[in-house]
Novice: 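I have a structure I would like to understand better, so I am pasting it below and will then ask my questions one at a time.
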2 protein chains.
Amino acid sequence: MVRGGTTEQLRRANLSRVLELLHEDGPHSRADLTRLVGSSRSTMAGVVTELEELGLVAESMPELTGGAGRPSGVVSVNPDVVAVTVNPEVDAVHVGLVGLGGRVIKHARIEVPDTDVTTVVSLAAATIRGMLSDDPPRYRVLGVGLAVPGQVRISDGVVRQATHLGWSEVPLTDLITHATGLPAWAANAATLAMRAESRLGAGKGVADLVYLIGGASGVGGGAVVGGHLLTGSAGYAGEFGHTVVTPGGTPCHCGGRGCLEAEVDQATLLAAVGLGSADAGRLGERLKASGDPEVVALVADRSARLAVAVRNALNVFNPQAIVLSGHLAALHEASELDLIAEGVASSREAVEIRSAALGDEQLMIGAAELVWSELLADPAGLLAR
Amino acid sequence: MVRGGTTEQLRRANLSRVLELLHEDGPHSRADLTRLVGSSRSTMAGVVTELEELGLVAESMPELTGGAGRPSGVVSVNPDVVAVTVNPEVDAVHVGLVGLGGRVIKHARIEVPDTDVTTVVSLAAATIRGMLSDDPPRYRVLGVGLAVPGQVRISDGVVRQATHLGWSEVPLTDLITHATGLPAWAANAATLAMRAESRLGAGKGVADLVYLIGGASGVGGGAVVGGHLLTGSAGYAGEFGHTVVTPGGTPCHCGGRGCLEAEVDQATLLAAVGLGSADAGRLGERLKASGDPEVVALVADRSARLAVAVRNALNVFNPQAIVLSGHLAALHEASELDLIAEGVASSREAVEIRSAALGDEQLMIGAAELVWSELLADPAGLLAR
DNA sequence: GCCCGTTTGTTGTTCTAACGAACAAACGGG
DNA sequence: CCCGTTTGTTCGTTAGAACAACAAACGGGC
C-alpha cells in the first residue's frame, strides 16, 4: 500500500508494477497487463511507452494469432539489460551475467589461489571486464549482485564475517564498485538462494515460506514473511544453521553448542556413503539406496535433529511451505521420518515440505535479484545514474 | 510502496497515512503533518478537512503558543471513535472500550461460571450493550477486537484451538457479530500483546522485534519483521512457546516434548517462592530477593532453557530488540545469565533485551489495533458500512 | 506602539496522472 | 464481403497534488 505520496510516486509505482510483472511472469500483451494491473487501456499505453523509452521493455509482433479479434503485440523485458553476479567460494569465484527476466547469459568459474580479498576482487573484476568487452557494448549493465557465504550488513555491503573465506569486516561492495565502476549490492548467499527459489522455484507464489539449505560451508536459510523477504535489522536474519537442536551438543564454530550446522553436517553424510564433496548432488540417492545399518541409523539420527529445527520454524513462522535444499533435502528424501509429526497442530495441517527445484543457477538468479529489486523500486531512477 | 493504482487510491493512502500518524504519535499541527508526510500545505489542508468531515479527527485551538509565527491549531484524533475489545480467559471475560489514539475508556472484568462459548459470548454481548447504552449515543463504534489465548485463523476469525478454554473450531467473530451487530476480528492474545508493546511500549519504533510472553496459560509470542506483523499463512505464527529447548524433555500438551512452555512454566516458579497465581506481578522481585539455593538453582536452570529459545530467535530474526514479558521477564530480571552469550556474533552485537513496559491495558490496546488496522487501511471505507 | 520578520493557513492556478468514450485496426467466421 | 470481437490509440474530462500569492497571527526590536 501507499504510505502517502505524490502523483509522481504513483506513476513510478505503476512503472514498477508492470515491469515486475514482466520480469516475474514473463511476456504479456498490453491487454493482459491492463487486466492484471486493473487499470485502463490508455494508462497502460502510457506506462508501456515509457518503459520502452527507458529501454527496459520491447514489443514484438505476433507470430501465431490466438483467436478472434485484433492481434496484439507482446511486451517483454529487454534481456540485454543485465546484472553481473559474483559468488566467492573457498576454491573459486563464480561470475555470471543475468538478464532482466532471469535468464543466465554467461557463467564462469574462476579458480582462486587463495581467498585473499584483493585477489578475489581483482580476479572477479577482470572476469567481468571480459564478459562485457563487446564492441560496441551489447549489454546495459545495471550493477553487481554479490552472494557471500557469511554475514553481510546489507545497508553498506560490508561482509561482517565469512568464516570459510576467512573474511572479516570487508567492505565488499565498495571494493567491487571501485574495481569495476559499477554499483554493487551484497547479501548472504543462503538468503539469495531462497530468493531465487521463492521467485522461480519450489517457493513460487508462496507468501509465507521457510527455506533451509545445507552445503559444504554449513547450513543457512531464509524466510519470506507475508510476501516480504526476512532480512532482520541489519541483514543477518535466516541463520537457521545455528538453531539449537541438541543443547550442550557438538561445539559449533559460532561459539555455541548443538547447532543444526554442527550436528547435521554434509561431510559426515558424504563420508558415510563414500562420496566426496564434488559428488554432493548424488547424496540423496546414495543415502536412500544404502542398506548399511550404520547409514540407516545415521539418517534416522540426523533427521531427528533436523526435525527439531523444522518444528521450531513451523511453530514460529506458520509457513505455507518449508523448502529444503542441499544435503538437508537429501536427508529428508532418504528418511522415513515425518519432519512435522510434532508441533502446533494448526500450523502443521497446512504446511508442505518440499525439496528445492532450482539447480546451479540458483545463486546467480538470486544475486541478480539484488540488482533487480533496486531497478523495480524505481525503474526511472536507477537508469538515471 | 504503491503496487500500482489509481489517483483515488493515492488519496486514500494519504488519508490513511495522516490518520495513522495522529493515532500513533498523538496530536500534531497541520504544519507538523505537512513536514512528516512531505506533502504541500494545500494537500494537507484537503486531507485534514476530509478527515474532519468523516468525524475522525478534530482541530482544537491553541492553549499556549510556542514561539514566533502564526499560531497553529492542533489536529488530534476523535477519541469518541471507539473499538470494543473482548478477551476471554479461563475464569473471566475482559471487555473494554478503547478510543482511537489508544486510550482505554472503559474496562470490565466479568466472571464466568464456565468457559462454554455460548455463555461467554452472551455475557460479553450484554456487557458491551451496557457500555454503549448512552442516550443519545456517545460513541462511534467501529467494531470488536477479540484477543484469544489460542490459535486463531485470522481470515475468518475461527478459533481453531484454545486449550485452556476448551474451545475448538469456534467461529468466534461470527458469534460476536451475530450477538452484537458489530463487525469483529480476532487474533492470538500473545500476538496482540506484542502489537500493543510494539506501538506504545518497549518496542515502540522498532522495525524488527521479537516478543516472548509467559503467563498462566503458557508461553506465546510474536514478531515484527521489517515493520510488519508476523502472522504466518493463516495467523498461527509466533508460537515461541513450542520452541524445543530440551529435545526429549518434559511432555507438552501440544504432543511434543521439551517445549519452552513445558520446561519454563509459570506455576513452578511461583510455587518456588511461595506465591499464588494472583501474585504473578511480584514474581520478579521475589525470585531476585530469594537466597534459597534451590530457588537460585531453579532460576539458573530455567534461564538456560529460555536462553536456547532466545538464541534461536536471535539467529533467525536478527531483531533490533527482544522484549520479554510475564514470568519470562521476571526470570530474566532475577538471573545473572546473559541470554545472548551465544549465537551468531553479528546478530548479538546490536540486539537489546528488554522487559515489557505496558501493564494491564496491553491486551485491550492490542485487540483494539485489530479494529484500527481496518480503519487505517481505508479510513473512508470502514465508515461507509 | 509600531514595524518587521516568521510561521502558518487559505485560495486560485497549473501540472500531472489516470479514466472514459469514441474511433480505428486487424482478425475469424458466416 | 460483412459483422462481431478484441485490441490499441486519441482526445476530452476528472481528480489529486504542487506552486505561488496572499492573509492571518504571533514575537521581537526599536
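Chain letters run A, B, ... following the sequence lines, proteins first and then strands; every chain starts at 1.
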Novice: Checking all strands, does B/Thr34 fall into the base, sugar-phosphate, or nothing category for heavy-atom contacts under 4.0 angstrom?
Specialist: nothing
Novice: Could you work out, with salt bridge (charged side-chain N to carboxylate O under 4.0 Å, His left out) as the rule, every residue matching A/Asp32, not counting sequence neighbours?
Specialist: A/Arg35
Novice: Has B/Thr7 got a side-chain N or O lying under 4.0 Å from the OP1 or OP2 atom of C/dA17?
Specialist: no
Novice: Determine all donor-acceptor pairs shorter than 3.5 Å in which one atom belongs to a side chain in residues 197-208 of chain B; sequence neighbours excluded.
Specialist:
| from | atom 1 | to | atom 2 | distance (Å) |
| --- | --- | --- | --- | --- |
| B/Glu197 | OE1 | B/Gln362 | NE2 | 2.8 |
| B/Glu197 | OE2 | B/Ala202 | N | 3.0 |
| B/Glu197 | OE2 | B/Ala357 | N | 2.6 |
| B/Glu197 | OE2 | B/Leu358 | N | 3.2 |
| B/Arg199 | NE | B/Glu369 | OE2 | 2.4 |
| B/Arg199 | NH2 | B/Glu369 | OE2 | 3.3 |
| B/Asp208 | OD1 | B/Gly226 | N | 3.0 |

Novice: Parallel, tilted or perpendicular: which fits the ring planes of A/Trp372 and A/His23, with parallel below 30° and perpendicular above 60°?
Specialist: perpendicular
Novice: Tell me whether the OP1 or OP2 atom of C/dA18 has a side-chain N or O from A/Thr43 closer than 4.0 Å.
Specialist: no
Novice: Once side chain to side chain donor-acceptor pair (under 3.5 Å) is applied, do any residues pair with A/Glu8, and if so which ones, sequence neighbours excluded?
Specialist: A/Arg12
Novice: Using OP1 and OP2 only, check whether a side-chain N or O of A/Asn14 sits under 4.0 Å from C/dA17.
Specialist: no
Novice: CZ of A/Arg12 versus P of C/dT16: gap in Å, rounded?
Specialist: 14 Å
Novice: Excluding sequence neighbours, so at least two apart, what forms side-chain contact (heavy atoms from CB on, under 4.5 Å) with A/Pro27?
Specialist: A/Val74, A/Ser76
Novice: Please name all residues satisfying salt bridge (charged side-chain N to carboxylate O under 4.0 Å, His left out) with B/Glu361, sequence neighbours left out, ordered by chain then number.
Specialist: none
Novice: Does CZ belonging to A/Arg138 count more than 12 external heavy atoms closer than 6.0 Å?
Specialist: no
Novice: Could you work out, with salt bridge (charged side-chain N to carboxylate O under 4.0 Å, His left out) as the rule, every residue matching A/Glu24, not counting sequence neighbours?
Specialist: none
Novice: Separation of B/Leu10 atom CG from D/dA15 atom P, in whole Å?
Specialist: 14 Å
Novice: In whole Å, I'd like the distance from the CD atom of B/Glu8 to the P atom of D/dT13.
Specialist: 21 Å
Novice: Note down the inter-axis angle between the two ends of the helix from C/dG1-D/dC30 to C/dG30-D/dC1, five pairs each, to the nearest 10°.
Specialist: 10°
Novice: Hey, can you pull the donor-acceptor pairs under 3.5 Å for the side chains in residues 41-50 of chain B, sequence neighbours left out?
Specialist:
| from | atom 1 | to | atom 2 | distance (Å) |
| --- | --- | --- | --- | --- |
| B/Ser42 | OG | B/Ser40 | OG | 3.3 |
| B/Thr43 | OG1 | B/Ser40 | OG | 2.9 |
| B/Thr49 | OG1 | B/Ala45 | O | 2.6 |
| B/Glu50 | OE1 | B/Arg11 | NE | 3.1 |
| B/Glu50 | OE1 | B/Arg11 | NH2 | 3.0 |

Novice: Is there a side-chain polar atom (N or O) of A/Arg35 under 4.0 Å from OP1 or OP2 of D/dT6?
Specialist: no
Novice: In whole angstrom, give the distance that lies between atom CG of A/Leu15 and atom P of C/dA17.
Specialist: 9 Å
Novice: Does a side-chain N or O from A/Arg11 land closer than 4.0 Å to OP1 or OP2 of C/dT16, or not?
Specialist: no
Novice: If the sugar-phosphate is the primed atoms plus P, OP1 and OP2 and the base is the rest, what is the B/S/- string for nucleotides 10-15 of chain C, using protein heavy atoms under 4.0 Å?
Specialist: BB----
Novice: Look at the side-chain N and O atoms of B/Ser72 and state whether any lies under 4.0 Å from the OP1 or OP2 oxygen of C/dG9.
Specialist: yes
Novice: Rounded to the nearest angstrom, tell me the gap between atom CD in A/Glu50 and atom P in C/dT16.
Specialist: 12 Å
